[in-house]
Amino acid sequence: MPRPAYSSPAVHPLHLADVVYPEGHPRYGETGPVFAFLVAHPDGSVLVDTGIGPPHELIDRLYKPVRYPLEEALAGIGLAPADVRLIINTHLHFDHCGGNQFFPGRPILVQRREHESSGAPGYTLPDWVDFPGANYQLLDGDGDLLPGLRVVATRHTPGHQSVVVDTDNGAIVIAGQATETAAEFEAEQEDSSILKLKSFRPVRVLFSHDFATWPQGLASAQL
Ligand SMILES: [Zn+2]
């Protein structure tokens with residue numbers, strides 16, 4: 001296979017919070033991580049999700065989050081928020097779009113169906129989606145965004161999307177919350193969107209709320 005004409009992107013998981021799942025959640029009582037991801041692409045840094053936003057009475061009471069600032073996570077890989085060229089939201093639940101408000105003017109790519117759904121009562125925190133300077137660019141289904149970087153519509157919310165990154169070592173998939181865990185991803189044999197992600201034959205699949213990756217490993221290092 002010919003090597004691509006650009007240097008290979010790298011994918012950095014950014015551990016931005018730990019939350020305790022509230023009553024009514026399938027993982028009630030468990031503590032789980034919240035990850036965002038930085039794709040160091042030759043055309044610019046791409047931030048996939050932005051974590052939980054600033055302190056918020058309801059969120060803090062329900063989820064008891066411990067936050068690890070995005071700025072520090074980026075600094076850990078030698079970047080600053082100003083280096084982020086564009087943002088992709090897998091979806092607009094509060095734990096995925098909470099930091100969008102710190103990027104006024106920056107393009108934020110989200111599925112049109114997701115953006116339309118986000119206004120429903122209780123769906124998310126509307127102020128964390130619509131903020132002064134918000135610059136959403138709406139996508140309709142699968143598509144290439146940059147060389148070697150594409151989005152694939154997946155399940156979880158009406159307009160959830162996952163991100164597929166071509167690297168010299170093979171495809172890395174940022175599944176987001178298409179499944180909650182790596183184990184669920186492994187077990188899923190029927191959902192067409194998960195099968196589509198598997199069809200890229202990824203060398204690594206990363207999840208928003210699981211330290212584990214697929215096929216196996218921990219989401220702690222550059223990939
Ligand atoms: Zn989530």
Side-chain angles (χ1 to χ4, degrees), residues 11-39 46-56 58-70 73 87-103 108-111 113-130 136 139 151-164 173-185 188 191 193-194 197 205-214 218-220:
V11 180
H12 304 266
L14 305 177
H15 181 197
L16 296 187
D18 289 308
V19 299
V20 180
Y21 297 111
E23 212 166 337
H25 192 282
R27 294 161 77 181
Y28 169 54
E30 284 178 45
T31 298
V34 175
F35 280 101
F37 304 90
L38 192 286
V39 181
V46 178
L47 182 60
V48 180
D49 286 342
T50 57
I52 294 181
H56 183 279
L58 177 64
I59 296 299
D60 292 7
R61 180 156 47 82
L62 287 177
Y63 287 89
K64 301 175 176 59
V66 177
R67 296 174 170 85
Y68 311 111
L70 175 61
I87 292 167
I88 299 170
N89 281 136
T90 59
H91 62 299
L92 292 173
H93 283 166
F94 75 91
D95 51 327
H96 300 259
C97 72
N100 285 14
Q101 59 194 293
F102 302 120
F103 294 91
I108 302 174
L109 280 58
V110 67
Q111 291 287 322
R113 286 188 66 190
E114 184 67 16
H115 196 257
E116 287 170 357
S117 301
S118 69
Y123 191 90
T124 191
L125 294 177
D127 292 353
W128 288 5
V129 174
D130 292 317
Y136 287 96
L139 307 172
V151 294
V152 174
T154 43
R155 63 185 188 179
H156 179 56
T157 58
H160 189 280
Q161 59 187 354
S162 301
V163 180
V164 182
V173 169
I174 301 169
Q177 212 165 336
T179 63
E180 290 287 323
T181 65
E184 285 173 33
F185 186 87
E188 180 58 61
D191 180 82
S193 67
I194 302 299
L197 294 182
V205 183
L206 303 161
F207 304 89
S208 299
H209 301 305
D210 196 357
F211 285 105
T213 67
W214 186 90
L218 291 174
S220 56

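When a ligand or atom number is given, it counts from 1 through the structure's own listing order.
Inspection of the Tyr136 and Asn89 side chains reveals no N or O donor paired with an N or O acceptor under 3.5 Å. Looking at Thr181 and Asp210, their side chains never bring a donor and an acceptor atom within 3.5 Å of each other.
With 2.8 Å as the limit, His93 does not count as an N, O or S neighbour of the Zn ion (ligand 1).
Here the Zn ion (ligand 1) is the vertex; the OE1 atom in Gln177 and the NE2 atom in His96 give an angle of 90° (to 10°).
Looking only at its N/O/S atoms, Asp95 has OD2 as the one nearest to the Zn ion (ligand 1).
By the 30° and 60° cut-offs, the orientation of the rings of His96 relative to His91 is tilted. Using a 30° and 60° split on the angle between ring planes, Trp128 and Phe94 fall in the tilted class, from 30° to 60°.
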